[in-house]
Amino acid sequence: NVVSEYELDAFRNVAEAKAPKLLYLDKAMLMKQQVTLSEKLYPDSIRIADANLKLEYHFDPQHEDDGVSVNVPVAILRQVSKAQVDWIIPGLLREKCLALIRSLPKSLRKNFIPAPEYADKVVQGLEYDGRELTTVLSEKLFQLSGVKVAQDAFNSSIIDRHLNMNLRIVDENGKILGSGRDIDALIEKFAGEVTRGFSRRTRHDIEKEGIIDWTFDELPAQVEIEQAGIRIKGYPAIVDKGDSVSIEVIDNRLTAGRLSERGLLRLVMLQLKEQKKYVEKSIPGFEKFALFYATRGSRDELLSHTVSAIFRYTFVEGKENVRNEPEFRQRMKEKQHLMETMNQVARLLDVILKQSLEIEEQLKSTATDHTRETYSDIKDQLGRLLAPGFLALVPLRWLSQYPRYLKAIQYRIDKLQGNLDRDKVHMEEIIGYSQRLFELDDPAPETLQQYRWMLEEYRVSLFAQPVGTSMPVSAKRLEKEWEKSVSV
C-alpha cells in the first residue's frame, strides 16, 4: 500500500517511532560472501629494478592517490622501467587498453567498433615483454584488423588518472619526497636526490680509489646493495679520475658502461705513457691540419682529443668489455695496432678539416638572400659534425664517413642553383627528423646513436643521391629506428 513518497513518509512516521533503524542495512546484511581479490590481478607488490616494492590501492577519483600507488626509493628511480609502469597491473589492463583505443583519433577509432570487444580480444595473452603498452597494443590491433596504428596515435594524456601508476618517491627513511605519474618528470625533478640517495647507500667492498693498474679483482656486471631494507642493483664502473681511476658502483647500467669505457681508456694510457708521448709527437701532418682547426679551437685541444681518440679506437671502441686482469693484459697487446690507427686518423683529419674549412669559406663568399636558409642549415650540420671535442664522441666507423658527408654537402651547394625549391622541401623534412633528437637535453644518448648517424645518411640520400649512402635509409626506417630507440 506504499505507492508514493507521501505514503512512504506516513509509513516511516509510524514504523520508525517504534524502531528508528528499521530500514537501515549494515555491511553484514549486504555482503552474502567475503570479497576476495585475485593476487594475480591485484598483486600486493611489484618487482621493479630487482626490488620488491609494495603496492597500495586507493579508490577515490578526487584523491591524488586514486588507483595504484607504489613507493619507489629515490636511490633506484633511474632504474625504474618506464615501459613496465606503463602496463599498470593485470586487473586494470583491460580497462586501460579500452581507454587507449577510445583515445584514438576518430579516423582510426572507427576501425575498432565496438571498442569493448576489441579490448577483450587484445587483452587475451597480453603480458609485459619489456616494451611500452602502446607499442604492443598497436601490434595487436593490427593483427586483429589489418589497420596500422602508430604508437603516438594514442592520446595517453586524456585517459583516467587511475589507469597510470602513481609513483611515490621516498628517501632512505621512507619519507615521501613527492609523487606523480610521469616518470620522466620525476627523474628530472629528483635528479639531485637520486644521486645523493644512491651515494648514501652502504659502500660496497668492490669500490676503490687511486688505481693506476689492474690490481683489483674481477669486475662483475652488477652487484646488490641494501638500503632502507631493500636490496637494490648497482653497476660497477671504472671511472676516469685524470691521474688515476676508481671503481665505483653506479645506479644506471648504460651510464656505468659509458664510464667504464672512459675509465679503461685512462687505465691503458696510464700504463702506456711512453707510447702516448710518442703518438703526441708523431701524428703525421698534425701541424698542417691544426691550422685548419684554428677557427674551431686551439692546437693543444686538438692534440689532446686526437691522441685520446687514437687510443680509444685502438683499445676500447667496438671491443668486448674488460672484466678481469687477464683480459686487460690481453687487451694491452693491441698496442701493436697503435701506429696503424694513428696514421688512419691523421689521414681522415687532414681531409675533414681542410674540406670543411673550404666549404665554410665558400659559404661566406657566395651567400645571398636566396641561399640564406640552405646555408644556415649547412652551417648547423657542420657545427654538429665538427662540434668542439667531436673526436671524443665520434666512433671511428662514422668518422671514416665524414669525407663522404662533406662531399655530399659540396654536391648540394654546387647543384643549388635552380634547385632551391626542391632543396627547401628536403630541408623541411630532414629538420623535422633532426629537431626531436637535437632538442633533447642529452643530444647524443647512447640508445639513439644509430638514429643520429642515419640522419646524416638520409641527408646524403636527399641532397646528394649520386654520392651514395653507407646503408639503406628512408623516412620509414628513420621512424622505426626512433621508435625502437626511445622505447629502450
Side-chain angles (χ1 to χ4, degrees), residues 206-223 235-250 253-286 289 300 302-352 389-402 446 449-450 453 470:
I206 202 171
E207 295 182 282
K208 294 177 173 62
E209 295 91 24
I211 301 168
I212 59 172
D213 193 6
W214 199 294
T215 55
F216 46 93
D217 296 333
E218 181 162 344
L219 209 61
Q222 68 180 54
V223 295
Y235 304 92
I238 307 171
V239 181
D240 181 7
K241 295 297 182 180
D243 58 355
S244 67
V245 301
S246 63
I247 306 299
E248 299 177 15
V249 178
I250 308 299
R253 177 177 56 83
L254 290 176
T255 301
R258 188 163 59 242
L259 287 171
S260 283
E261 287 187 355
R262 297 172 186 166
L264 178 62
L265 174 61
R266 177 62 62 190
L267 201 58
V268 168
M269 293 173 77
L270 288 170
Q271 286 295 297
L272 298 178
K273 290 182 179 179
E274 292 304 314
Q275 288 85 345
K276 178 174 176 288
K277 288 180 182 178
Y278 180 82
V279 170
E280 288 174 342
K281 297 177 181 178
S282 307
I283 300 172
F286 179 80
F289 58 72
D300 290 345
L302 179 62
L303 180 60
S304 174
H305 290 158
T306 304
V307 172
S308 181
I310 290 167
F311 273 79
R312 187 174 88 253
Y313 297 152
T314 304
F315 294 97
V316 179
E317 191 174 279
K319 296 176 172 59
E320 293 291 326
N321 292 334
V322 172
R323 293 288 179 190
N324 54 50
E325 185 178 2
E327 290 176 357
F328 179 69
R329 301 303 169 199
Q330 184 64 33
R331 183 62 56 85
M332 294 288 283
K333 294 180 181 179
E334 294 292 326
K335 65 184 179 182
Q336 62 182 310
H337 302 299
L338 200 53
M339 297 302 104
E340 176 187 342
T341 306
M342 177 184 73
N343 292 329
Q344 181 185 4
V345 171
R347 286 193 299 269
L348 283 169
L349 284 180
D350 192 13
V351 172
I352 292 167
F390 72 98
L391 279 173
L393 302 171
V394 179
L396 181 58
R397 173 192 174 187
W398 297 111
L399 187 71
S400 300
Q401 304 303 321
Y402 269 43
E446 206 76 19
Q449 281 299 299
Q450 182 72 2
W453 296 109
S470 68

**OP:** Taking atom CG of Asp217 as the centre, report whether more than 12 heavy atoms of other residues, nucleotides or ligands fall under 6.0 Å from it.
**Re:** no
**OP:** For Thr341 and Thr314, work out which heavy atoms get closest and say how close.
**Re:** OG1-OG1, 3.2 Å
Subject >> Considering all heavy atoms, the nearest Ser260-Pro236 contact >> reply: OG-O, 4.1 Å
Original post:
Hey, is NZ on Lys319 packed in by over 12 heavy atoms from elsewhere, all under 6.0 Å?
Top reply: yes
Original post:
If you look at every heavy atom in Leu391 and Ala309, which pair is closest and at what distance?
Top reply: O-CB, 3.8 Å
Subject >> Exam field: side chain Ser282 to backbone Tyr278, donor-acceptor pair closer than 3.5 Å >> reply: yes
Original post:
Are Lys276 and Glu280 ion-paired here, with the side-chain N under 4.0 Å from a carboxylate O?
Top reply: yes
**OP:** Report the C-alpha separation of Met332 and Phe328 in whole Å, then their side-chain angles, then the decisive distance to 0.1 Å, and conclude whether the side-chain contact (heavy atoms from CB on, under 4.5 Å) test is met.
**Re:** CA-CA 6 Å; Met332 294 288 283; Phe328 179 69; 3.8 Å; yes
**OP:** Show your reasoning for whether side-chain contact (heavy atoms from CB on, under 4.5 Å) applies to Val239 and Ile247.
**Re:** CA-CA 6 Å; Val239 181; Ile247 306 299; over 6 Å; no
**OP:** Report the C-alpha separation of Met339 and Val279 in whole Å, then their side-chain angles, then the decisive distance to 0.1 Å, and conclude whether the side-chain contact (heavy atoms from CB on, under 4.5 Å) test is met.
**Re:** CA-CA 8 Å; Met339 297 302 104; Val279 170; 3.8 Å; yes
Subject >> Ring geometry between Trp453 and Tyr402 (parallel below 30°, tilted from 30 to 60°, perpendicular above 60°) >> reply: tilted
Original post:
Does a side-chain N-to-carboxylate-O contact under 4.0 Å join Glu218 and Arg323?
Top reply: no
**OP:** Test Tyr313 against Ser308 for side-chain contact (heavy atoms from CB on, under 4.5 Å), laying out the working first.
**Re:** CA-CA 9 Å; Tyr313 297 152; Ser308 181; over 6 Å; no
Subject >> Pairing of Asp213 and Arg329 as salt bridge, 4.0 angstrom limit >> reply: yes
Subject >> Non-hydrogen atoms of Phe311 and Met269 that approach each other most closely >> reply: CD2-CG, 3.7 Å
**OP:** Please confirm whether the backbone N or O of Phe216 pairs with a side-chain atom of Trp214, one donor and one acceptor, at under 3.5 Å?
**Re:** yes
Original post:
Just how far is it from atom CG of Asn321 to atom CD of Glu327, taken to the nearest 0.5 Å?
Top reply: 9.0 Å
Subject >> Glu207 side chain to Val249 backbone, donor-acceptor under 3.5 Å >> reply: yes
**OP:** Give a yes or no on whether Glu320 atom CD has more than 12 heavy-atom contacts from other residues, nucleotides or ligands under 6.0 Å away.
**Re:** no
Original post:
For Leu270 and Ser244, which heavy atoms make the closest approach, and how far apart are they?
Top reply: CD1-CA, 3.8 Å
Original post:
Under a 4.0 Å N-O cut-off, is there an ion pair linking Lys241 with Glu248?
Top reply: yes
Original post:
Taking Arg312 for the side chain and Arg262 for the main chain, is one N or O donor matched with an acceptor at less than 3.5 Å?
Top reply: no
Original post:
Which heavy-atom pair separates Ile212 from Asp243 by the least distance, and what is that distance?
Top reply: CG2-O, 3.8 Å
Subject >> Non-neighbouring partners of Gln401 that pass side chain to side chain donor-acceptor pair (under 3.5 Å), sequence neighbours left out >> reply: Arg404
